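What follows is one structure encoded as structure tokens, with my remarks underneath.
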Amino acid sequence: MSMSQAPELSRLTLGIVPLLDAALPIVAREGGFFAAEGLEVTLSRESAWSTLRDKLAAGLLDGAQLLAPLPLAMSLGASGTPCDVLAPLVLGRHGNTLVLSPYWSEGMAAPLDDSPGGRDPAVNARDFAERLRRRGTTRPRLAMVHPFSSHHYQLRDWLALGGLDPDTDVELVALPPSRMVEALEQGRIDGFCVGEPWGSQAAQRGGGRIVATGAALWPGHPEKVLGVTHDWAERHPATLAALIRALIAAAGWLTEAPEHRRLARDWLALPPYLDRAMDHLPTLPLDEPPIEQRLTGLRPGADELARVVEHLARQLGEPLDRAAVETCYSPVHIDAATHQERA
């Protein structure tokens with residue numbers, strides 16, 4: 001434990017959604033990194049981001065894995081009950097896949113393959129637009145996980161690369177990540193943008209094809225963050241510092257050896273977490289193309305959220321207050337936690 005102030009709280013509950021970028025809280029719990037900081041942490045699995053958002057705002061959770069845009073949307077009163085929320089730590093970068101049904105994706109280039117356009121997401125976007133114009137069918141229904149998510153924004157950006165208007169040329173709907181694959185296989189949607197492991201699961205089961213990735217559309221973007229309310233952070237600064245250190249230690253451990261990532265995969269596959277959704281993955285795939293899931297680079301910063309801010313301002317119809325953005329994604333808490341002396 002740190003030689004500085006002991007955590008104000010010893011027992012915490014953190015909310016997670018079953019995705020690969022819930023790995024750091026899961027590894028920190030199962031690998032003893034929370035315990036090493038004097039924290040007993042319960043992880044509460046939620047299926048929908050809106051549920052996680054509401055529980056955090058109501059004080060039913062001490063913190064949560066959040067979509068990177070959500071703390072700002074909550075702070076601005078754009079999503080749920082207005083609540084000042086901070087994002088003191090990045091939990092993951094990249095990891096999103098854009099998947100289309102076989103009807104729409106047959107013959108398209110696979111991201112990062114050697115076929116023409118395999119490395120350029122605009123090629124498949126233009127191909128999709130041409131198929132849509134040629135077929136003249138009902139508007140395709142494409143799913144994303146939440147209106148205030150990078151999935152939504154990346155999906156819109158990808159469609160725009162093909163010259164399509166996301167508001168008129170397709171129908172956009174929100175679905176929980178764990179329901180995407182089944183909805184695609186049942187024909188209730190024609191495609192989706194979602195975090196792993198759901199995109200690779202759809203491809204492995206033959207229900208869809210990955211036609212673009214968040215890593216190609218927004219290189220280096222923060223995808224998930226740790227979210228805590230401003231009030232909670234003010235009342236529990238030492239607890240927040242301990243929480244941050246534990247998650248950083250978990251990230252470091254994952255990079256040390258391949259066997260650590262295999263063990264982490266087994267932890268994620270436990271029933272309280274992702275369960276059978278991990279069956280198609282032999283290890284925790286980190287930094288592997290084309291998805292390039294990253295659990296490093298945990299220091300937040302407002303400048304990295306420039307595209308999120310642009311889309312959110314467009315949604316709300318007004319420019320966002322720069323001070324609010326900087327407060328939300330300030331690195332002050334991670335800097336304080338990592339500069340404290342260690343025992």
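Since the model is a prediction, treat every value here as computed from it, not as a measurement.
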Salt bridge or not for [X] and [Y], using N-O below 4.0 Å?
| X | Y | result |
| --- | --- | --- |
| Asp303 | Arg322 | yes |
| Arg131 | Asp127 | yes |
| Glu304 | Arg93 | yes |
| Glu185 | Arg205 | yes |

Heavy atoms, side chains only, cut-off 4.5 Å: are [X] and [Y] in contact?
| X | Y | answer |
| --- | --- | --- |
| Leu72 | Tyr329 | yes |
| Leu86 | Thr229 | no |
| Val225 | Gln65 | no |
| Phe34 | Leu12 | no |
| Asn96 | Ser150 | yes |
| Leu9 | Asp62 | yes |
| Asp54 | Thr81 | no |
| Ser44 | Ile16 | no |

Any donor-acceptor N/O pair, [X] side chain to [Y] backbone, under 3.5 Å:
| X | Y | result |
| --- | --- | --- |
| Glu259 | Leu263 | no |
| His260 | Trp253 | yes |
| His221 | Trp218 | yes |
| His152 | Phe148 | no |
| Thr239 | Glu8 | yes |
| Asn124 | Val211 | yes |
| Thr213 | Ala216 | yes |
| Thr327 | Ala324 | no |
| Glu196 | Gly199 | yes |

Checklist entry - So which of Leu142, Leu175, Val99, Leu100 actually passes side-chain contact (heavy atoms from CB on, under 4.5 Å) with Ile189? => result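 The passing option is Leu175.
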Item to check | For Pro88, the option from Asp335, Ile334, Leu226 that meets side-chain contact (heavy atoms from CB on, under 4.5 Å) | outcome: Leu226
Separation between [atom1] of [X] and [atom2] of [Y], rounded to the nearest 0.5 Å:
| X | Y | atom1 | atom2 | result |
| --- | --- | --- | --- | --- |
| Leu305 | Glu310 | CG | CD | 12.5 Å |
| Leu67 | His146 | CG | NE2 | 7.0 Å |
| Glu256 | Arg261 | CD | CZ | 10.0 Å |
| His333 | Leu243 | NE2 | CG | 12.0 Å |
| Gln201 | Leu274 | CD | CG | 10.0 Å |
| Leu286 | Gln293 | CG | CD | 7.0 Å |

Item to check | Results of side-chain contact (heavy atoms from CB on, under 4.5 Å) for Asp287 - residues two or more places apart only | outcome: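 If we apply the side-chain contact (heavy atoms from CB on, under 4.5 Å) test to Asp287, skipping adjacent residues, the hits are Arg294.
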Next on the checklist: Going by the rule side-chain contact (heavy atoms from CB on, under 4.5 Å), which residues pair with Ala323 if we only count those two or more places apart in sequence or in a different chain?
Outcome noted: Asp321
Give a yes or no on whether [X] and [Y] share a hydrophobic cluster (residues Ile, Leu, Val, Met, Phe, Trp, Tyr; joining criterion: side-chain heavy atoms under 4.5 Å apart).
| X | Y | answer |
| --- | --- | --- |
| Leu52 | Met74 | yes |
| Leu60 | Leu240 | no |
| Leu19 | Tyr273 | no |
| Leu284 | Val90 | no |
| Ile26 | Leu298 | yes |

Indicate the atoms forming the closest heavy-atom contact of [X] with [Y], along with that distance.
| X | Y | answer |
| --- | --- | --- |
| Ala212 | Pro121 | CB-CB, 4.3 Å |
| Gly80 | Arg53 | N-NH1, 3.7 Å |
| Tyr103 | Arg135 | O-NH1, 2.7 Å |
| Ala143 | Met180 | CB-SD, 3.6 Å |
| Leu66 | Pro71 | CD1-CG, 3.8 Å |
| Arg265 | Asp279 | NH2-CA, 3.7 Å |

Next on the checklist: Would you call the rings of Trp232 and His236 parallel, tilted or perpendicular, taking 30° and 60° as the class edges?
Outcome noted: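 Aromatic pair Trp232/His236 classed tilted.
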Checklist entry - In this structure, are over 12 heavy atoms from other groups packed under 6.0 Å from Arg45 atom CZ? => result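 Enclosed: over 12 neighbouring heavy atoms sit under 6.0 Å from CZ of Arg45.
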Next on the checklist: More than 12 heavy atoms of other residues, nucleotides or ligands under 6.0 Å from CZ of Arg134: yes or no?
Outcome noted: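 Atom CZ in Arg134 is crowded, with more than 12 foreign heavy atoms closer than 6.0 Å.
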Checklist entry - Taking it one step at a time, do Leu91 and Leu295 satisfy side-chain contact (heavy atoms from CB on, under 4.5 Å)? => result CA-CA 6 Å; Leu91 291 178; Leu295 302 179; over 6 Å; no
Next on the checklist: For Arg235 and Asp231: C-alpha separation, side-chain torsions, deciding distance, then whether salt bridge (charged side-chain N to carboxylate O under 4.0 Å, His left out) applies.
Outcome noted: CA-CA 6 Å; Arg235 289 185 290 112; Asp231 177 66; 2.8 Å; yes
Next on the checklist: I'd like to know whether Leu247 forms a side-chain contact (heavy atoms from CB on, under 4.5 Å) with Phe33, so could you lay out the CA-CA distance, the side-chain angles of the two residues, the decisive distance to 0.1 Å, and finally the verdict.
Outcome noted: CA-CA 7 Å; Leu247 293 166; Phe33 298 103; over 6 Å; no
Checklist entry - What about the rings of Trp198 and Phe192, do their centers lie closer together than 6.0 Å? => result no
Item to check | Aromatic Tyr153 / basic Arg314 pairing, under 6.0 angstrom, 45° off normal | outcome: no
Item to check | Axial cation check for Trp267 ring with Arg29, 6.0 Å and 45° limits | outcome: no
Next on the checklist: Could you walk me through whether Asp190 and Val170 satisfy the side-chain contact (heavy atoms from CB on, under 4.5 Å) test, starting with their C-alpha distance in whole Å, then the side-chain angles of each, then the deciding distance to 0.1 Å, before giving a yes or no?
Outcome noted: CA-CA 10 Å; Asp190 298 290; Val170 300; over 6 Å; no
Next on the checklist: Leu164 vs Phe128, test: side-chain contact (heavy atoms from CB on, under 4.5 Å). Steps then yes/no.
Outcome noted: CA-CA 9 Å; Leu164 295 173; Phe128 177 65; 3.7 Å; yes
